[in-house]
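Step one of this worksheet: look at the structure below.
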Amino acid sequence: MSAVSKWQRFEEELLALQEQHLYRKIKVIESPQSSHIRYRNRDMLMLASNSYLDLCDEERIKAYAVKALMEYGTGSGGSRLTTGTTVYHTQLEEALARFKERESAMVFNTGFAANSGVIPCLCREGDVIYSDELNHASIIDGCRQSRAETVIYRHNDMADLERKILERQGRQGLIVSDGVFSMDGDIVNLPGLVNLADTYGLLSMIDEAHATGVIGATGRGCEEYFHMEGRIDILMGTLSKALGAEGGYICGSRTLTEYLKNNARSYIFSTSLSPVIMAAAKRALELIEEETWRVRRLQENIRWFCRQLQEHDVDASSDTAIIPIRIGDEEKAMRVSEKLMELGFFIPAIRYPTVRKGEAMLRAALMASHTKEELSAAARAIAESIRCYEG
Ligand SMILES: *Cc1c(COP(=O)(O)O)cnc(C)c1O
């Protein structure tokens, strides 16, 4: 019998993470997800949530979800293809297809399940997947699960992408990219990407997790932002961010969704979401369409906050609700974040492996409901906290 514990190597790895300031701890929130939260028994300004339109705790959405709860109960009882499709599921899918101006839409249980299920379903042995180096982990996992060759191109670099396509000309495949990149908050070069896809007969797939409800005049995402309606072949997004609910979706042609319904394993072999959450997502979508001021307010807040940071000599600019504030050193980023927490601002540090080693940052995320005063105070606190740990 070996005296070495079965857990020794895991314990050693955890210790190493602690030493490198890369150990992650769960933060427990004691309130609804909104611009003000309770954390460690005190009120804080939330500047980290993906709930960009602040719809997680909206009264009309909650009332509609409660109606669905009382009518249909809690669980769906089966996968979408067996017993797990209710009218709340299909009504949401119809609303999504309308919102994104597509023939058809389908809901997956998470955005992660959509990406990791759809990519291996559409790309097979002999195909090529061209994937941006900063794509989300769920896209990376989808590529890994596929038998296709995955080719990583430099971040948003269309010349590099075209070079790589030309080296493999004539092969079928897919170009896949985040629409808004989840850590840096920058936007895909959609005209360049779609042009290459159409020129070389490749499918285009854009992940709109951080674009829907955020960019474009009415929050419809990347196509609206670039005035390129209808040009993306496979539109993917989540219900879990600006829409304040849960789930992922795919919008596109009827051929696309029918094919996926018959083949995508994460769709077929997983119990579908509760009708309660489908109802919440549908009502949220309606509110975004009816009350266009939400998206406008968010976009105003983004401009205001970046300007405030710049006035305090903090380098920050973004066209999206994600505003990265670069720190570099992991330990310094942790210290600055902790200092901000003490001051009542919830802004976590983002470290390796989410971003590269030595490129730690604060990732501020804005909401439509933040006030100008709150954002000014946050910008001042960020500048002061960074200065505290300078040199
Ligand atoms: C959050 C996110 C996902 C995953 O969506 P979930 O609904 O949270 O599973 C996929 N892609 C990107 C770019 C994301 O930011």
Side-chain angles (χ1 to χ4, degrees), residues 26 29 33 48-53 55-56 80 89 92-93 96 100 105-121 129 131-145 152 155-156 174-190 193 204-215 219 221-222 225 232 234-251 264-267 270-274 277-278 280-282 284-285 318-324 348 350 353-355 361 363-367:
I26 299 290
I29 311 292
Q33 190 82 178
S49 177
N50 296 326
S51 181
Y52 304 121
L53 298 175
L55 295 177
C56 289
R80 287 297 302 276
H89 293 78
L92 171 63
E93 288 173 335
L96 279 168
K100 294 284 186 177
M106 62 191 286
V107 170
F108 285 72
N109 288 351
T110 62
F112 203 105
N115 278 333
S116 61
V118 167
I119 295 169
C121 182
I129 305 168
S131 177
D132 188 288
E133 65 178 331
L134 295 188
N135 276 345
H136 189 262
S138 54
I139 295 178
I140 296 169
D141 279 21
C143 296
R144 284 183 185 155
Q145 283 171 46
I152 310 294
H155 177 52
N156 231 353
L174 172 78
I175 307 173
V176 58
S177 177
D178 281 15
V180 170
F181 288 86
S182 48
M183 288 305 129
D184 293 305
D186 55 336
I187 300 173
V188 65
N189 179 347
L190 190 65
L193 190 149
S204 56
M205 174 167 175
I206 300 292
D207 175 339
E208 300 218 277
H210 301 281
T212 301
V214 178
I215 64 171
C222 295
Y225 180 86
I232 299 167
I234 303 150
L235 268 176
M236 176 274 167
T238 74
L239 307 170
S240 55
K241 288 168 180 160
L243 289 162
E246 283 179 343
Y249 60 82
I250 293 286
C251 296
R265 292 167 68 80
S266 65
Y267 179 85
S270 186
T271 300
S272 77
L273 288 165
S274 158
I277 212 70
M278 298 294 89
K282 177 173 161 267
L285 206 55
S318 182
D319 262 351
T320 72
I322 300 164
I323 292 130
I350 307 287
T354 311
V355 293
M361 63 186 197
R363 178 181 178 277
L366 301 193
M367 288 185 179

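Atoms within each ligand, like the ligands themselves, are counted from 1 in listed order.
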Does E208 use its side chain to pair, donor to acceptor, with the backbone of L235 at less than 3.5 Å? no
Apply the side chain to side chain contact (heavy atoms under 4.5 Å, CB included) test between Y52 and each candidate in L366, L243, I322; give the one that qualifies. I322
Atom-level proximity to ligand 1, residues with heavy atom under 4.0 Å: T110, G111, F112, N115, H136, S138, D178, S182, D207, A209, H210, T238, S240, K241, G247
Name the residue from I250, D207, I119 that meets the side chain to side chain contact (heavy atoms under 4.5 Å, CB included) definition with I234. I250
Are T212 and Y249 linked by a side-chain donor-acceptor pair shorter than 3.5 Å? yes
Does either side chain, that of D184 or that of H155, offer a donor lying less than 3.5 Å from an acceptor on the other one? no
Do you see a donor-acceptor pair shorter than 3.5 Å between the side chains of S51 and Q33? no
